[in-house]
Amino acid sequence: MGISMKKFIIRAALLSVATCTRLFAAAPLPAEHLTVTTMPPDSPHRIYVLDEAFYNEIDARVNVFDGDTYRRLGQIDVGFTPGVNLSPDGKTTVVGTTYFSRGSRGTRTDIVEFTDNSTLKTTHEIVLPPKRAMTLPTYFNLAYSADSHFLYVSYITPAASFGVLDPAKNTVIDEIDTAGCVLVIPSGPNRVSSICESGKLLTVTLDAQGHEASRAFSDTFFDPDRDPIFAQGVPMTDGYAFLSFLGDVHEVDFSGAQPVFHKPWPLVGTADKGRWRPGGYQVGAIHRHLNKLYVPMHQGGEGSHKDGGTEIWVFDMSTHQRVARWPLAQQKVATVLAVQVSQDDKPLLFAATDHSDLAVFDALTGQLRHVEKQLGQTPWLILNP
Amino acid sequence: MRSIDQLFEKSSRALAQRTSRRSLLAALGQVLTGAALIPLLPVDRSARAAEPAKPAKPATDDPKSCDYWKYCAVDGFLCSCCGGSSNSCPPGTAPSPITWIGTCHNPSDDRDYIVSYNDCCGKVSCGNCECNRNEREKPMYRPSRNNDLNWCMANADSNYHCSVSVILGVAEK
């Protein structure tokens, strides 16, 4: 094998000439100035992807991503088993998290941090009692009141309660016991509902100062033994939809003084009940104007509720009919653990996979637009305004 | 290894912190009667039996495998791969005093066992042998059946490192 010495010498000479010509012909690069990139204007296609960083869990982060340019816009550091949410105006990312004084050990400090989404700089913080719920991220680990006047933080020690914070004055106003019910589902300017293991909701109404004024338990609206709901709700116009393990949709209207439960409807027909199921960590997304629900679905049995979806099923929330079914394997997209949809009239469906990728689809057609590889280790929650 | 009495005592204390007396009695009743009833609970066995496309993974006797029978509802890193074992925490860590309790079936002797899922705490997540099984696991509004909570939450060092599964006793049918 190989080439003759003569050919080798000729090729080496030609390469040398070409290199020298390029060196002498090209103008030198200009001097550069070190700058800090500024955030682009906000966009309905901007998302905030929480990477739980499960393999080194003290180092979770939010990756800010643009669904049009497919650029990673920046990062917000969010500590250990964080809860993350956006303010109602979308201008602030709020993070409830925990730090240890010696990195992975030492004194525990629970804290709420506020980041300006136009700069990605953390602007201020509120120190919490060391009671913050350390668990999977949902919309309800911490959440603002509708008017942003209060911020609620779920506590589990494992005694369950929640903190009421004043984000303007940087103070913790009160702690309210929730009788074993967990999480903070905000509604209106002063109501907080929590999910109880009996299948009821506890709703606490606050007075103007943020202290408890009254409380009421709802009727039982799901069966936690036969068919539990996922704790993660899916935002609707007037409340949240909660999907059950077997695929029933429990729509809850939180617009009034007490929650109102609509009649549940099924994602899965009788023939497939128990065979096809919703699953993952963020198990649905609703385009509120189009009234469409997107759900990652998989085939599995009892205990498969955290399995990712091998297909995205799309439902019309008005007719309760499935209007599309998008298999993922044929598009080389791994199983989907979390979904989110933009709320504009050219909507994108974002899907985080168990391979840590982020897939971007046209939410109207299901056409795959882009796969962003390795957006963190364990992207389990996708937020957008 | 702890005695069963000690483990039940600690579990009871955890429940007492979380619940009213009435619900404590209900929860204790659930655990105690669960020893007899859990194998009979309507856990959708028919659906699993009817499932043709995805056969259940074979259980194994390897404590470093997520398929090990005792790990039927472990969501985390196996301490067996982190310097510990299926029932001991790695050196330098501390077991969580609070936990949750489930039932796993051992195919070798065809018995159901009550197991205590404890976390080992005080170091950053081990990162080896990730295991995510969720048989009879429930969301966090039912904490006595939930594996999403960081059960190191009440430890002096509440950082999560890995998970074990400790046999408490046989769940007689």
Side-chain angles (χ1 to χ4, degrees), chain A residues 53-59 80-81 98 100 102-108 130-136 138 154 156-160 179-183 194-199 224-232 245-246 273-275 277 281 298-307 354, chain B residues 14-20 23 27 41-54 56 72-73 75-77 98 100 121-128 130 132-161:
Chain A
F54 193 43
Y55 297 93
N56 50 312
E57 221 175 0
I58 56 173
D59 191 23
F80 178 69
T81 60
T98 297
F100 302 104
R102 296 291 182 269
S104 64
R105 61 184 174 81
T107 305
R108 164 184 173 178
K131 296 182 172 185
R132 189 184 63 82
M134 295 175 164
T135 187
L136 283 179
T138 73
S154 176
I156 300 178
T157 63
C181 308
V182 299
L183 299 174
S194 300
I195 309 174
C196 311
E197 67 175 307
S198 58
D225 292 311
R226 191 191 65 80
D227 189 17
I229 58 168
F230 291 89
Q232 176 65 290
F245 284 14
L246 289 172
K273 190 91 170 182
R275 296 179 71 241
R277 297 170 184 242
Y281 297 113
H298 69 278
Q299 287 181 286
E302 194 283 324
S304 69
H305 48 280
K306 295 181 194 171
D307 288 6
D354 66 357
Chain B
L15 281 168
Q17 291 173 16
R18 180 176 54 78
T19 60
S20 65
S23 61
L41 286 175
V43 289
D44 204 16
R45 294 170 191 275
S46 59
R48 169 155 285 189
E51 174 191 340
K54 190 180 175 186
C72 69
D75 184 358
F77 301 104
I98 56 171
W100 68 287
C121 315
K123 294 180 184 291
V124 75
S125 40
C126 161
N128 292 322
E130 183 181 2
N132 189 358
R133 291 174 62 188
N134 299 286
E135 293 176 24
R136 289 175 286 280
E137 194 263 356
K138 304 289 189 202
M140 67 184 90
Y141 50 76
R142 180 160 282 183
S144 60
R145 293 283 183 273
N146 178 254
N147 65 16
D148 296 328
L149 288 165
N150 172 21
W151 287 98
C152 297
M153 69 179 98
N155 280 57
D157 274 327
S158 53
N159 206 348
Y160 167 77
H161 185 61

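Letters go in sequence order (proteins before strands), and every chain restarts at 1.
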Residues passing the side chain to side chain donor-acceptor pair (under 3.5 Å) test with B:Tyr141, sequence neighbours excluded, are none
Closest non-hydrogen contact found for B:Asp75 with A:Lys306 is OD2-NZ, 2.9 Å
Heavy-atom closest pair (A:Asp225 atom, B:Lys138 atom, distance to 0.1 Å) is O-NZ, 3.4 Å
Applying a strict 4.5 Å limit to non-hydrogen atoms, the region of A:Cys196 in contact with chain B is backbone
Tightest non-hydrogen contact, residues B:Asn134 and A:His305, listed as O-CE1, 3.4 Å
So, the part of A:Leu183 with a heavy atom under 4.5 Å from chain B: the answer is side chain
Using modelled atom types and a 3.5 Å cut-off, is there a donor and acceptor pairing between side-chain atoms of B:Arg142 and backbone atoms of A:Glu197?
yes
Between the CE atom in B:Met140 and the CD atom in A:Gln232, the distance rounded to the nearest 0.5 Å is 8.5 Å
ask   = Any side-chain heavy-atom pair from A:Phe100 and B:Ser158 closer than 4.5 angstrom?
value = yes
Query raised in the report: Heavy atoms, side chains only, cut-off 4.5 Å: are B:Ile98 and A:Pro158 in contact?
Result: yes
* Report yes if the side chains of A:Met134 and B:Asp148 come closer than 4.5 Å at any heavy-atom pair, otherwise no. => no
Legend entry - Check: B:Arg136 main-chain N/O paired with A:Glu302 side-chain donor or acceptor under 3.5 Å: yes
Bottom line for B:Asn132: the part with an atom under 4.5 Å from chain A's heavy atoms is side chain
Query raised in the report: Do side-chain atoms of A:Arg108 reach the backbone of B:Met153 as a donor and acceptor pair under 3.5 angstrom?
Result: yes
From the list B:Cys121, B:Cys126, B:Ser125, the residue making the most non-hydrogen contacts under 4.5 Å with chain A is B:Ser125
Heavy-atom nearest pair, B:Ala154 first then A:Thr157, reads CB-O, 4.0 Å
Looking only at B:Gly122, B:Pro139, B:Cys72, the option with the highest number of non-hydrogen pairs under 4.5 Å against chain A is B:Pro139
I want to check something: taking the side chain as every heavy atom from C-beta on, are B:Asn150 and A:Thr135 in contact at a cut-off of under 4.5 Å?
no
Turns out that what part of A:Thr138 lies under 4.5 Å from chain B's heavy atoms comes down to side chain
Answer key: most heavy-atom pairs under 4.5 Å with chain B among A:Thr98, A:Ile195, A:Asp59, A:Thr107 is A:Ile195
Would you call the rings of B:Tyr160 and A:Phe54 parallel, tilted or perpendicular, taking 30° and 60° as the class edges? parallel
Shortest non-hydrogen pair, B:Asn159 vs A:Ile58, comes out as ND2-CG2, 3.4 Å
Does A:Ser104 reach the side chain of B:Lys123, with side-chain heavy atoms less than 4.5 Å apart? no
d(A:Phe245 CZ, B:Glu137 CD) to nearest 0.5 Å is 6.5 Å
